[in-house]
Undergrad: 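Mind having a look at this structure? Questions to follow.
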Amino acid sequence: MSNITTVKGFKDILPDETAKWRSIEEKARNIFADFGIREIRTPVLEKTDLFRRGIGDSTDIVEKEMYTFVDQGEESLTLRPEATASVIRSYIEHALYAADPLAKLFTIGPMFRRERPQKGRYRQFHQIDVEYLGYDDPRADAEVIMLLIQLLKNLGLADVKLEMNTLGCALCRPAFRESILSFLEGKKEDLCEDCRRRLNTNPLRVFDCKNTGCRRIITDAPRLLDVACGSCRKHFDVVTSSLTDFGIPFFVNTGMVRGLDYYTRTTFEITTEFLGAQNAVVGGGRYDGLVKDLGGPDIPGIGFAIGMERLLSLLPMKSEDFAIHPYIFIAALGDYAQKQAFSLCHRLRLRGIPAEMAYGGKSLKSQMKRANKLNCRYTLIFGDRELAAGTVELRDMRDSSQVSLSYQTIEETIATKFGEEQTHLG
RNA sequence: GUGGGUGUAGCUCAAAUGGUUAGAGUGCCGGGUUGUGGCCCCGGAGGUUGAGGGUUCAAGUCCCUUCACUCACCCCA
């Protein structure tokens with residue numbers, strides 16, 4: 001096939017799937033409303049510097065995964081690889097903090113990273129993103145996580161694991177970095193090739209190396225939790241004890257390092273064993289320095305991002321459960337009847353009754369087959385014979401019963417019936 | 001960027017060591033009922049076997065190249 005296809009790593013979301021997506025989004029919006037989180041929508045395209053400064057120049061995302069191009073020789077632009085930087089940019093640009101020092105925001109939409117696609121990883125993927133700005137208190141961390149857990153519960157997601165860690169703050173992290181470096185320095189020869197490289201770039205990454213040799217070495221390494229400053233430790237204690245108070249189970253994973261430079265203190269992930277190599281469905285954490293780094297006031301923040309494709313693949317939803325069916329199918333025989341059917345069909349739709357018909361003078365059998373395929377509740381049948389007698393046939397597609405009704409009042413009859421059945425379903 | 005796997009009908013897959021017009025299920029269209037769906041039966045349409053080249057009397061099958069998809073590494077949602 002030499003036809004034009006989607007770009008590598010980009011996916012069409014076909015009609016059978018869209019209802020599932022909408023269902024997730026609706027449930028998210030509902031719970032966000034309960035928590036007072038308001039929607040913000042930012043452009044998918046931003047100036048490249050936003051991400052360079054926000055995410056960090058030495059991260060993989062910025063180094064090799066961004067869709068960046070120069071716009072007509074003028075300016076370097078980038079398709080957003082994540083939402084947080086954009087939300088913060090907007091927050092600063094419109095000085096939202098001036099009107100209210102506290103902001104709870106969410107946004108839903110596509111992100112773009114030019115990685116090699118594989119299971120659970122696409123070049124365009126979608127995130128549900130939540131950001132709390134201006135909240136210093138560890139209870140905000142707990143609130144964000146609790147709302148996330150509740151959302152996943154509402155969606156029917158089971159068998160997931162909440163992993164927690166703290167990355168320290170500007171005071172205690174540098175010291176920790178040094179102690180890790182000196183710890184690993186003597187064991188350099190035993191580390192894998194990747195980890196030796198990591199010593200220079202991001203030594204904390206050695207913690208989540210999958211190489212068994214590296215794992216053995218790192219088990220004895222100092223942990224940030226042990227050397228964290230008093231306030232960071234206290235912060236983490238309040239977050240975790242809040243979760244415990246509400247019966248939310250979690251695992252402290254002192255080896256969890258996140259890939260974006262801006263995280264401080266609390267970080268967390270929701271993981272599952274059903275996603276193959278991409279086991280994280282949600283990632284998040286606190287970023288107390290980011291707003292300031294991006295040119296705003298010194299305002300703390302915490303948030304998370306849910307990977308929608310990964311989430312979808314974990315949910316047991318079936319597309320049949322979301323299928324929509326016409327209430328009534330009109331099967332008409334003959335030119336005059338077809339004309340009447342077309343008019344009736346349109347009038348029913350204008351009244352909010354899902355109606356469908358077949359064009360093109362097909363056989364009754366063919367029209368009935370179509371009605372069946374569409375899973376219509378009723379089929380209305382009439383030809384010249386019925387119209388001459390002023391009647392129409394209404395067939396119940398479930399039990400195959402059929403009644404003869406007055407053509408004059410059929411629109412009202414159907415409308416009444418539809419109204420009654422709707423309230424019954426209520 | 002690196003490595004493995006796979007490319008045959010819209011979809012899921014067959015076609016022994018190379019051997020005539022590449023099959024089945026499903027879906028689609030039509031018929032079996034001159035005006036009645038599902039189940040059943042029958043028929044039809046739909047393929048340049050991903051593309052290009054090579055070996056051979058003969059290639060879906062073997063060789064080379066290329067592309068796509070996929071899984072994994074790196075990293076992340």
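What you see is a predicted model, and the numbers here were worked out from it, not measured in a lab. Naming convention: chains lettered A, B, ... in sequence-line order (proteins, then strands); numbering from 1 in each chain.
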Undergrad: Choosing from B/G27, B/U36, B/G35, which nucleotide comes nearest the side chain of A/Q402?
TA: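 The nucleotide sitting nearest to the side chain is B/U36.
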
Undergrad: Run the side-chain contact (heavy atoms from CB on, under 4.5 Å) test against A/D136 and tell me which residues pass, sequence neighbours left out.
TA: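 Partners of A/D136 by the side-chain contact (heavy atoms from CB on, under 4.5 Å) criterion, ordered by chain and then number, come out as A/R286, A/P300.
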
Undergrad: Please collect all ring-ring contact (aromatic ring centres under 6.0 Å, His included) contacts where either partner lies in residues 372-408 of chain A, sequence neighbours excluded, each pair once.
TA: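 Matches after skipping sequence neighbours: A/Y327-A/Y378, A/F382-A/Y407.
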
Undergrad: Which pairs pass ring-ring contact (aromatic ring centres under 6.0 Å, His included) with one or both residues in residues 118-141 of chain A, sequence neighbours excluded?
TA: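 Listed by first then second residue: A/W21-A/H126, A/Y132-A/Y135.
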
Undergrad: Say you pick atom P in B/U49 and the same atom in B/C62; how far apart are they, in whole Å?
TA: 16 Å

Undergrad: B/U36 P sits how many Å from A/D396 CG, rounded?
TA: 19 Å

Undergrad: For a quick check, with a 4.0 angstrom heavy-atom cut-off, what is the B/S/- contact string for nucleotides 1-6 of chain B, read 5' to 3'?
TA: BBB---

Undergrad: Is the distance from OP1 or OP2 of B/G27 to the nearest side-chain N or O of A/K369 less than 4.0 Å?
TA: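 The answer is no; no side-chain N or O of A/K369 sits under 4.0 Å from OP1 or OP2.
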
Undergrad: Using a cut-off of 4.0 Å on non-hydrogen atoms, how would the nucleic acid contact of A/Q367 be classed: base, sugar-phosphate, or nothing?
TA: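 Result for A/Q367 = nothing.
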
Undergrad: Taking only residues two or more places apart in sequence, or in another chain, which ones meet A/R53 in a side-chain hydrogen bond (donor to acceptor under 3.5 Å, both in side chains)?
TA: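 For A/R53 there are no side-chain hydrogen bond (donor to acceptor under 3.5 Å, both in side chains) partners, ignoring immediate neighbours.
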
Undergrad: Rounded to whole Å, please give me the gap between NZ in A/K64 and C1' in B/C73.
TA: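 Those two atoms, NZ and C1', are 10 Å apart.
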
Undergrad: Using the C1' atom as the point on both nucleotides, what is the distance between B/G53 and B/C67, in whole Å?
TA: 14 Å

Undergrad: If you measure from the C1' atom in B/G10 to the same atom in B/G5, how many Å do you get, rounded?
TA: 25 Å

Undergrad: For A/E386, enumerate each residue passing the salt bridge (Lys or Arg N to Asp or Glu O under 4.0 Å) test, keeping only those at least two apart in sequence or located in another chain.
TA: none

Undergrad: Check RNA chain B against residues 21-42 of chain A and give the residues with a non-hydrogen atom under 4.0 Å, in numerical order.
TA: none

Undergrad: Using the salt bridge (Lys or Arg N to Asp or Glu O under 4.0 Å) criterion, which residues pair with A/D34? Sequence neighbours excluded.
TA: none

Undergrad: What's the CE-P distance between A/M397 and B/C39, to the nearest Å?
TA: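 Computing the A/M397:CE to B/C39:P distance gives 12 Å.
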
Undergrad: Applying ring-ring contact (aromatic ring centres under 6.0 Å, His included), which residue pairs with at least one partner in residues 27-52 of chain A are found, sequence neighbours left out?
TA: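 Applying ring-ring contact (aromatic ring centres under 6.0 Å, His included) to every pair that reaches into residues 27-52 of chain A, excluding sequence neighbours, yields A/F32-A/F106.
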
Undergrad: Take a 6.0 Å sphere around CG of A/D399 and say whether it holds more than 12 heavy atoms from other residues, nucleotides or ligands.
TA: yes

Undergrad: Listed by chain and number, what are the side-chain hydrogen bond (donor to acceptor under 3.5 Å, both in side chains) partners of A/Q402, not counting sequence neighbours?
TA: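 Partners of A/Q402 under the side-chain hydrogen bond (donor to acceptor under 3.5 Å, both in side chains) test: A/E393, A/R395.
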
Undergrad: Measure from the side chain of A/K365, starting at C-beta and using heavy atoms only, and say which of B/G32, B/A72, B/A77 lies closest.
TA: B/G32

Undergrad: Roughly, in whole Å, what's the span from CD in A/E131 to P in B/A77?
TA: 12 Å

Undergrad: Pull out every stem in RNA chain B, meaning runs of 3 or more consecutive Watson-Crick or G-U wobble pairs with both distances under 3.5 Å.
TA: B:1-7 with B:67-73, B:10-13 with B:23-26, B:28-32 with B:40-44, B:50-54 with B:62-66

Undergrad: Give one of base, sugar-phosphate or nothing for A/T379, where a contact means two heavy atoms less than 4.0 Å apart.
TA: nothing

Undergrad: State whether A/F322 and A/K20 meet the cation-pi test: NZ (Lys) or CZ (Arg) under 6.0 Å from the six-membered ring centroid, and within 45° of the perpendicular axis.
TA: no

Undergrad: Could you work out the separation of B/C11 and B/C57 based on their C1' atoms and round it to a whole Å?
TA: 38 Å

Undergrad: Below 3.5 Å between N/O atoms, which protein atoms pair up with nucleotides 43-49 of chain B? Just atom names and distances, please.
TA:
none

Undergrad: Can you name the nearest heavy-atom pair linking A/L151 to A/I31, along with the distance?
TA: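 Looks like N-CD1, 3.7 Å.
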
